[in-house]
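Whatever order the structure lists them in is the order used to number ligands and atoms, beginning at 1.
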Amino acid sequence: MSNIVLIGAQWGDEGKGRITDLLSSKVDMVVRFQGGDNAGHTVIFEGQEFKLHLIPSGILYPDVICVIGNGVVINPATLISELKNLEEKGINTQNLRISSNCHLIMPYHIALDSASENKLGLSRIGTTKKGIGPAYADKASRVGIRICDLLDSSLFLKKLKDVLEIKNAILSKIYGYETFSTEKIFEEYINYAKIIKKYVVESTFLINKALDENKNILFEGAQGTLLDIDHGTYPFVTSSSTIAGGVFTGTGIGPRRINEVIGITKSYCTRVGEGVFPTEETGEIGKYIREKGNEYGTTTGRARRCGWFDCVIIRYAGMVNNLSSLALTKLDVLSGIQKIKICTSYKINDNIYENIMPNCIALEKSKPNYIEVDGWEEDIRNITEFEELPYNAKKYINAIEELTKIPVSMVSVGPDRNQIIIKDKNLKKNYF
Ligand code: GDP
Ligand code: IMO
Ligand code: MG
């Protein structure tokens with residue numbers, strides 16, 4: 001057994017939640033290491049749908065310890081409502097652990113996120129307006145408030161007073177927004193503290209101890225490689241390290257602990273929010289994929305932009321995450337499309353690039369070069385063996401492997417827990 005990192009290889013919503021859920025049955029611990037409630041991870045089993053924003057997707061297994069690592073920013077209101085929803089559905093949440101070092105998302109972060117997006121107008125990022133950027137900005141500016149600060153009420157009050165004076169001035173004077181009352185926020189957050197206190201631990205020790213005891217850990221990424229603050233399509237990114245490297249800073253473990261990094265990718269490509277998307281299809285085929293794939297945001301309900309599979313960005317994700325394999329999701333959505341396109345390279349000013357840094361300036365000028373492969377008509381949603389897939393579906397997967405030089409270890413053919421093909425023989429032997 002081993003320690004596995006699951007990373008979104010595109011712009012998010014690749015199906016990380018459902019793959020985490022699948023592998024969670026084989027591990028002792030599942031850890032989130034970055035992001036916040038901008039994430040929306042869907043898990044479906046036995047007809048029940050779970051939408052998780054903060055709590056690791058392993059929570060659906062009663063014996064798995066689920067840790068929210070120090071790199072995550074927490075909106076306690078979301079956390080509490082998620083706990084309540086899970087408990088109402090009969091899920092035991094006693095195995096949740098929260099790092100005392102997590103930074104809190106405060107009401108002024110959410111207001112500042114909105115204010116900034118509104119002010120940017122057409123140049124907006126298209127954020128989830130959950131206050132993610134402002135919370136991470138405060139962390140870097142060293143004026144953030146952590147869970148451990150919240151648990152000490154006098155320290156919390158002092159920090160809140162100091163920071164709110166500045167935030168209120170920015171909100172009212174720069175953006176013309178309402179200000180916040182220290183007392184109200186204090187009271188609201190102290191009540192949250194009472195509820196979440198029992199879950200709070202020093203997670204760095206907890207996780208490292210589990211590794212020392214040879215426990216198996218799954219690290220569940222949020223967002224995707226191209227949304228990484230350093231390595232994504234800046235500035236149209238989120239504010240955390242979404243790539244595999246984020247595991248180490250977001251949990252406090254060393255790089256030698258990790259055995260495998262699996263990149264989750266859709267069989268096509270989607271993006272929600274603004275920013276460059278070279279293989280986007282704004283016409284009929286894009287609409288077809290959106291409707292068939294139900295491509296509407298889990299967190300915000302926004303329509304996702306849809307397009308073809310892009311080998312250039314997957315090669316890049318392969319490089320920055322050192323991916324061991326790909327989990328290809330939503331292959332069923334492509335059934336019935338006669339000709340399927342795969343982007344193999346970009347053309348920029350008469351030059352061909354198979355590999356390129358995904359900075360917006362270069363990508364905005366890029367034109368995708370495609371190969372076209374024959375599609376398949378068959379309904380593949382009940383297939384569980386790779387060999388049983390239609391010939392053209394197998395050819396499509398093989399083409400992706402050849403063009404990206406990354407093996408495909410899993411293929412999903414429907415949203416349910418059981419709608420999965422384990423293609424990699426070792427994975428199948430060791431886990432399933
Ligand atoms: P995440 O953020 O990466 O966990 O992905 P989301 O949950 O935001 O979005 C993925 C969506 O696709 C969810 O609605 C899933 O239920 C759905 N899904 C996942 N895998 C499959 C699949 O193989 N086929 C189909 N049709 N839907 C899938
Ligand atoms: P999961 O984990 C897809 C996008 C937003 C916006 C940009 C910045 O479900 O894959 P933010 O609110 O983070 O400051 O927004 O990032 N974004 C996501 N897109 N899936 C997500 O999470 C996302 N989280 C943020 O749409 O473009
Ligand atoms: Mg999502």
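A distance limit of 4.0 angstrom between heavy atoms and ligand 2 selects the residues Trp11, Gly12, Asp13, Lys16, Asn38, Ala39, Gly40, His41, Ile125, Gly126, Thr127, Thr128, Ala222, Gln223, Leu227, Val237, Thr238, Val272, Gly273, Arg302. For a heavy-atom separation below 4.0 Å, the residues in contact with ligand 1 are Asp13, Glu14, Gly15, Lys16, Gly17, Arg18, Gly40, His41, Thr42, Ile44, Thr298, Arg304, Lys330, Asp332, Val333, Ser412, Val413, Gly414, Pro415.
Taking the six-membered ring where tryptophan is involved, the planes of Phe50 and Phe45 are essentially parallel, since the angle between them stays under 30° and well short of 60°.
Not one N or O on the side chain of Lys266 forms a donor-acceptor pair closer than 3.5 Å with the backbone of Gly15. Using a distance-only test at 3.5 Å, with no hydrogens or angles considered, no donor-acceptor pair links the side chain of Thr300 to the main chain of Thr128. A donor-acceptor contact shorter than 3.5 Å links the side chain of Asn75 to the backbone of Ala77. In terms of modelled atom types and a separation under 3.5 Å, the side chain of Thr299 and the main chain of Ala39 share a donor-acceptor contact. For Lys89 (side chain) and Glu49 (main-chain N/O), a donor-acceptor pair under 3.5 Å exists by modelled atom type. Remark: side-chain polar atoms of Asp416 are not paired, donor with acceptor, to backbone N or O of Gln419 under 3.5 angstrom.
No side-chain N or O of Asn70 forms a donor-acceptor pair with one of Ser99 less than 3.5 Å apart.
Annotation: cation-pi geometry not satisfied between Lys167 and Tyr108 (NZ/CZ under 6.0 angstrom from ring centroid, within 45° of ring axis). Taking the ring axis of Phe386 as reference, the NZ or CZ atom of Lys423 stays within 45° of it and closer than 6.0 Å to the ring centre.
Between the OD1 atom of Asp13 and the O atom of Gly40, the angle taken at the Mg ion (ligand 3) works out to 160° after rounding to 10°.
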